[in-house]
Amino acid sequence: MDAKTYNAQLAELRALRDSIRKAQATLEKLETDRARKITALAGYEKAKAERIAPAAGLSMADTVAIAPVLAPDRLTTAAQQNPTPTPAAAPPPPEPATPPAAPAPTPAPEPAGDTALPSSTAPPQPPLQAGTAAPAMPRPAPEPAAEPEPPAPLPEPPSAPAPPTAAPPAAQTAQRTLPGIPEGPDGDRWFTHTTNLTSTHPNFTQQARSTVFLDTHTGVLVHRDQTLRIDLPTGSAAEILDTVFHVLPGGVERIYITAGAPWHRHADQHPFLKDTVAAWLNAPTPGWRTDTGRGKDKMAGHFVHPRNPVARYQREHGNQQVEIRSAGEWFDTDGTEPAVIRDAFVLLWKALRRHWPDAVLMGSPSQTGRDLWTRTIPAKGQYADGYPVLSEELRGLFHTTAGQGRTELITPPHVPAQLPALVEYDRTFAYAKHTWKSGVGTPRRVTAATFASWSQKEQTKALFACGHWHIRVTVPTTWTHIGILPAPAPGDRAWHYPATPGTTFTTWAGGPEIHTALSNPHTPWKIDILDGILFDDGKPLDDWSRKLKEAWSSLTAQADLNGDPGQRTAAHLAARAVRALLLYGIGAFAQRPRTVTGTTPRTMERDVPPDAEIIGFDDHTITWQRPTGFTRDPNAHPEWAAHIWSSARAALLSQRHRDDNTYAGALHAPPGTIVAFRTDAVYLTQAQNWPHHGRPGDYLNKGHLPGPIPAPATEDELLTLRDKGRAAHHATPTPGRA
């Protein structure tokens, strides 16, 4: 083979690659559509996997894995009669009084000496096996100085529907196994901090960037107190840059798109939104090139996101830099005029300046939130030198084992096929309630044997502290409600919440969720401690959160009291932006392993990194992404994010209101009435008398759609019903809705 033939065959290979990419994208879309239709069909009362599987071209097992409610009775019975053998190294789970409705996942081999946790509300039980009994412990207090009290009694309905089932056998075989900490010195070495990596108070002031707000649909452009109108027939990045810099020759550094989503104009030409966005970002921009930053601010060019992308450009001849972003990163613009959005950013900046004299709004709420947090790091005291960052091994463990918000849709037969109503309760500014305590200092390892050797008081204190625990969980044999603790599910970073009586699974969880499982208002769960990470209690986020809550309260009051409709809307959006600062700021602490996105001209294909995955291309440009792992981020604290997320998930199930001497949350609603969870919101079939005083964490009734309503079978159907319920319930803004 000569060089000419070699190059010709390379060109043919690239053409095949492009064709395969397009075919794969089409196939993925078809498979997604098929899964949605299977899930929708499963909502039919008489649906059977035997009929749906051949229609879908799938096996029975694959069909049931997509729609667990289709699991035939005979599969369940056979699994009960022939359970999967338990590994010899793992102690067998306690035998249930009644057979479980679905087989329990086989527990992985665990270290010896695991300890069962106590419960404060356990009814009289038969004697347990030696080594599993433990003394009772008080109900956990959600905030400092709270006196533990037993939960309020909950009336049970005469006939409770079955609880949501765990994954069927086919899905369980593919369930992920979460990692643990290595035994002995190898694992002990994880319990350190990364050398020379500490969160410290910045010694510089952020520089503000000149910003404009642009509606690409109407062409309205707002710059400071100017309102202009420009013509954008194509909405391309090149057209936006040229037109904006023509009417503002002095230049700007940031363009917020408030409406129009120009990156979606050709969505019909691509199978996925991400491909549409990538094509828009990579289109030619004469006179401009992709900005990759300089020095420590090195970036990977554009950021490809299906709805909120970031485009970064630099003049080909000069140092002028500009980025195009979506205002949707901060709040839902929902057709708001650019001038009102400009006013919202001004109100936000003024509210923050009352607490941070050097506050500057950066490009995104996550950047701004973390920058503001660094400016609350104390200059005196124990942590005047900053907060050290955990070892990379522990950060990786938190990344793999600490989920974020709870997202779950419960379908028939676990809820009625025709819902009597759909009622939405959303926790107001939820994460702000759970920032008063976080783990600090060098973490300690608590093995099963160590935990077992402690007294009841020491065990209780450890579980009230900030920690992350490796546990084996058994659902009570009499359980009739929703799941409490997250378990690894098939797929990358997927979680589900087993509720089938007798199910045993191994997972990681924070203290707040473990307390909820032990002291819930129905029946205590059995939990065995296998390993743990324990921190000293501290308040690294308290000052930051307190200032944000004060800014939020001030802006919320303005939104309620301002007589001008435009300013009222601006204040409401500014309050939502404060929420985003805290929400995404906490998410930024988690420091997920980075995946950088880059672009390379087709003529320079050899420059594509060898470990990169090609995610898009056109006639001129190749778009790729590649993982870079954990960077040396001085503000990486996944232990803080994990504790807040665990606290929020627990409060979604049970939360005490001292002022009203009552409890709220999904576990305080009758079984069979919970339809779905979405991060801070719970959807039910009946209204609840849960108090709302406009404080962070309170449950706000945001929607009420009267029935009968077909139970949603997909997330899209749930969101459609949610929007209808909100429209029916909210004719006018409600105080405290930020």
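Scope of the values below: all heavy atoms of this structure, side chains included, with no hydrogens, waters or symmetry mates.
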Could you report the tightest heavy-atom contact between Val389 and Asp633, atom names first, then the distance? CG2-O, 3.9 Å
Quick check against the 3.5 Å criterion: does Ser545 have a side-chain atom that pairs as donor or acceptor with the backbone of Thr435? no
NE2/His217: more than 12 non-hydrogen atoms of other groups inside 6.0 Å: no
Any chance you could measure Tyr584, atom OH, to Glu329, atom CD, to the nearest 0.5 Å? 9.0 Å
For side-chain hydrogen bond (donor to acceptor under 3.5 Å, both in side chains), just list the numbers for Ser391 and His193, CA-CA rounded to whole Å, side-chain angles, deciding distance to a tenth of an Å, and then say yes or no. CA-CA 5 Å; Ser391 67; His193 290 116; over 6 Å; no
When you measure from the side chain of Asp698 to the backbone N and O of Arg695, does any donor-acceptor pair fall under 3.5 Å? yes
Determine yes or no for a side-chain-to-main-chain donor-acceptor pair under 3.5 angstrom, with His264 supplying the side chain and Pro306 the backbone. yes
Are any of the side-chain heavy atoms of Ile255 and Phe213 separated by less than 4.5 Å? no
In terms of heavy-atom contacts, Gly363 and Tyr256 come closest through O-OH, 2.8 Å
With respect to Asp680, which candidate in Tyr425, Tyr699, Tyr431 satisfies the side chain to side chain contact (heavy atoms under 4.5 Å, CB included) definition? Tyr431
Quick check against the 3.5 Å criterion: does Trp330 have a side-chain atom that pairs as donor or acceptor with the backbone of Ser364? no
So, does Trp280 use its side chain to make a donor-acceptor pair with the main chain of Gly235 at under 3.5 Å? yes
Strictly by modelled atom types, are Thr290 and His302 linked by a side-chain donor-acceptor pair under 3.5 Å? yes
So NE2 of His637 and OG of Ser199: to nearest 0.5 Å the spacing works out to 2.5 Å
Smallest heavy-atom separation, Thr368 atom then Val360 atom, equals CG2-O, 3.7 Å
Checking Lys539 side chain against Trp436 main chain: does a donor-acceptor pair fall under 3.5 Å? yes
Gap separating the CD atom of Gln314 from the CD atom of Gln321, nearest 0.5 angstrom: 5.0 Å
So do Val578 and Leu555 actually touch side chain to side chain, heavy atoms under 4.5 Å? yes
Spacing of CH2 belonging to Trp552 relative to CG belonging to Leu581, to within rounding of 0.5 Å: 14.0 Å
Between Asp385 and Thr198, what is the shortest heavy-atom contact and its length? O-CG2, 3.4 Å
Ignoring hydrogens and geometry beyond distance, is a side-chain donor-acceptor pair present between Arg395 and Thr194 at under 3.5 Å? yes
Taking atom CZ of Arg370 and atom CD1 of Ile586, what is their separation to the nearest 0.5 Å? 12.5 Å
Heavy atoms, side chains only, cut-off 4.5 Å: are Asp268 and Thr276 in contact? no
Heavy-atom side-chain proximity of Asp560 to Arg568 below 4.5 angstrom: no
For Asn701 and Glu424, which heavy atoms make the closest approach, and how far apart are they? ND2-O, 3.1 Å
I'd like to know if the side chain of Arg289 reaches the main chain of Tyr313, judged simply by a donor and an acceptor atom lying under 3.5 Å from each other, with no hydrogens or angles considered. no
Mind jotting down which residue pairs meet the side-chain hydrogen bond (donor to acceptor under 3.5 Å, both in side chains) criterion with at least one end in residues 336-354? Sequence neighbours excluded, please. Asp343-Gln567
When you compare the side chains of Asn308 and Ser326, does any donor N or O come within less than 3.5 Å of an acceptor on the partner? yes
Hey, is the main chain of Asp543 close enough, under 3.5 Å, to the side chain of Trp373 for a donor-acceptor pair? no
When every non-hydrogen atom of Phe245 is compared with those of Arg315, the smallest separation belongs to CD2-NH2, 3.8 Å
